Enquirer: 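Sharing a structure here in structure tokens format.
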There are 2 protein chains.
Amino acid sequence: MSEGVEWALHSCVNLAWSGPDRAVSAARLAAWHDLPAAYLNKQLQALARAGILTSSPGPRGGFRLARPLASISLMDVVAAVEGPEEAFRCTEIRRRGPGAGDPAAEGADAADCAVAHAMTRAELAWRRALAAQNLDEIRQQAEQQAPEAAGRLRAWLAAQ
Amino acid sequence: MSEGVEWALHSCVNLAWSGPDRAVSAARLAAWHDLPAAYLNKQLQALARAGILTSSPGPRGGFRLARPLASISLMDVVAAVEGPEEAFRCTEIRRRGPGAGDPAAEGADAADCAVAHAMTRAELAWRRALAAQNLDEIRQQAEQQAPEAAGRLRAWLAAQ
DNA sequence: GGTCAGGTACTCGGATACGGGTTGTCCGAGTTCCCAGGG
DNA sequence: CCCTGGGAACTCGGACAACCCGTATCCGAGTACCTGACC
């Protein structure tokens, strides 16, 4: 899995802690956790394209949350960064070579492949678990672990 | 996800259809679905190292199932091919840069990271779904779709 | 003092290199089988 | 006919390249702000 997913999730929570009034540039968000700024910018662009963040150029510009944390699921972020295609893709090897059965007799749909069906079922469980958790729950748990984190971020942003 | 997973799963079912009496070489299994023989051999070696298959060298050698299909879960095959490490790995970015909190005050365990905790929970659902399905169920479903597949494979192997 | 024009600095956004890992290929060690020769 | 020894063919197993995607970087277009001059 791409490392950008972790960065994107933390950045979204950081944006929530920063507050909705002002945007935060990719450089600030990157510096906060010592990440490569230009590359994090790439990931944030993906989040903006997915409608999770909004971006504004120029001074005082940057990124901010496009909607409340509670309405952003982990699945949204993962899909935005990793792409919508599923991890396991059936290449239909059973249709190639001498093992290929009669195409007319058998169903031509990829959903008929028992292997693909089973793998898709597992991946569906993964996606469902991701969709069941939203970023606000993440934020609440993080605040419970480190209650001063939000204040420290805001103070650091103000001092920049 | 690695393409070898699909190959390994189909090969295991094919080995079951071939019967436990004789081994099947990687070249035969690869030719059946028109796959690169040497690379499939690599995947089958991984399955052998994991204790899913047994290998025997020399003429009449090849691979055969080490245990019944019903006792091989999808998780076993995926872990053998992809490796045991989990897809999402927490790099603890919250501990780097100015955003790093007081290491003494906060828990030092990676399990405390709310992001990692949520992602791990989803991945656990995936692994659980994989472990809940065994290869014998795959075989049964495949036979229901194409009842003549097993016979055609045995005939082709005998004709080689 | 208010207004406006210009410059400047900062932002995102996409185009551009680099590296590690999956994909793919090759050859050697080892084993089994076959066959010829001898008893 | 039965036994034995040698050779040959076939197999896995690991070592060796090629390609692709994730990682990382850089520069340009555009915008907002600030500054200064002018009315």
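Below, each value reflects all heavy atoms present in this structure, side chains not excepted, and no hydrogens, waters or symmetry copies. The sequence lines fix the lettering, A, B, ..., with proteins before strands; numbering per chain opens at 1. Not measured: the values here are computed from a predicted model.
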Enquirer: So which nucleotide from dT25(C), dG22(D), dT11(D) ends up closest to the side chain of Tyr39(A)?
Expert: dG22(D)

Enquirer: Using whole Å, what does the distance between atom P of nucleotide dG22(D) and atom CZ of Arg89(B) come to?
Expert: 14 Å

Enquirer: Students often mix this up, so state it plainly: with edges at 30° and 60°, are the rings of His10(B) and His33(B) parallel, tilted or perpendicular?
Expert: perpendicular

Enquirer: Mind listing the closest non-hydrogen atom pair of Leu40(B) and Ala26(B) along with its distance?
Expert: CD2-O, 3.9 Å

Enquirer: Which part of the nucleic acid, if any, lies within reach of Ala23(B) when heavy atoms closer than 4.0 Å are counted: base, sugar-phosphate only, or nothing?
Expert: nothing

Enquirer: Check every atom of dT25(D), dT31(C), dA32(D) against the side chain of Pro59(A) and return the nucleotide holding the closest atom.
Expert: dA32(D)

Enquirer: Using whole Å, report how far CZ of Arg28(A) lies from C1' of dT11(C).
Expert: 11 Å

Enquirer: Quick check on dA32(D): is either OP1 or OP2 less than 4.0 Å from any side-chain nitrogen or oxygen of Ser56(A)?
Expert: no

Enquirer: On the nucleotide dT11(C), are OP1 or OP2 found under 4.0 Å from the side-chain N or O atoms that Ser25(A) carries?
Expert: yes

Enquirer: Please report, rounded to the nearest Å, how far the P atom of dT25(D) is from the CG atom of Leu35(A).
Expert: 11 Å

Enquirer: Between Ser2(A) and Pro57(A), which is nearer to the 5' end of DNA chain D once each is assigned its nearest nucleotide?
Expert: Ser2(A)

Enquirer: Specify the separation, in whole Å, of atom CG of Leu40(B) and atom P of dT23(C).
Expert: 12 Å

Enquirer: Quick check: on DNA chain D, is the nucleotide nearest Arg60(A) upstream (toward 5') of the one nearest Gly62(B), or the reverse? Name the residue that is more 5'.
Expert: Gly62(B)

Enquirer: From dC12(D), dT11(C), dG24(C), pick the nucleotide closest to the side chain of Phe63(B)?
Expert: dC12(D)

Enquirer: When you compare the side chains of Ser55(B) and Gln45(B), does any donor N or O come within less than 3.5 Å of an acceptor on the partner?
Expert: no

Enquirer: Between Leu44(A) (CG) and dA24(D) (C1'), how many Å, whole number?
Expert: 15 Å

Enquirer: Whole Å only: how far is the CD atom of Gln43(A) from the C1' atom of dG22(D)?
Expert: 9 Å

Enquirer: Does the side chain of Arg49(B) get closer than 4.0 angstrom to OP1 or OP2 of dC12(D) through an N or O atom?
Expert: no

Enquirer: Evaluate the side-chain proximity of Trp126(A) to Leu130(A): yes if any heavy-atom separation is below 4.5 Å, no if none is.
Expert: yes

Enquirer: Can you identify which nucleotide, out of dT25(C), dA32(D), dC12(C), has its nearest atom closest to the Ala38(B) side chain?
Expert: dT25(C)

Enquirer: Looking at the side chain of Glu3(B), which of dT23(C), dC12(D), dT23(D) is the nearest nucleotide?
Expert: dT23(C)

Enquirer: From the options dT23(D), dG24(C), dG13(D), select the nucleotide whose nearest atom is closest to the side chain of Gln45(B).
Expert: dG13(D)

Enquirer: In whole angstrom, give the distance that lies between atom CZ of Arg22(A) and atom C1' of dC10(C).
Expert: 17 Å

Enquirer: For Gln133(A) and Ser73(A), test the side chains for any donor-to-acceptor distance below 3.5 angstrom and give the result as yes or no.
Expert: no

Enquirer: Would you kindly give the CG-to-C1' distance between Asn41(A) and dA15(C), to the nearest whole Å?
Expert: 13 Å

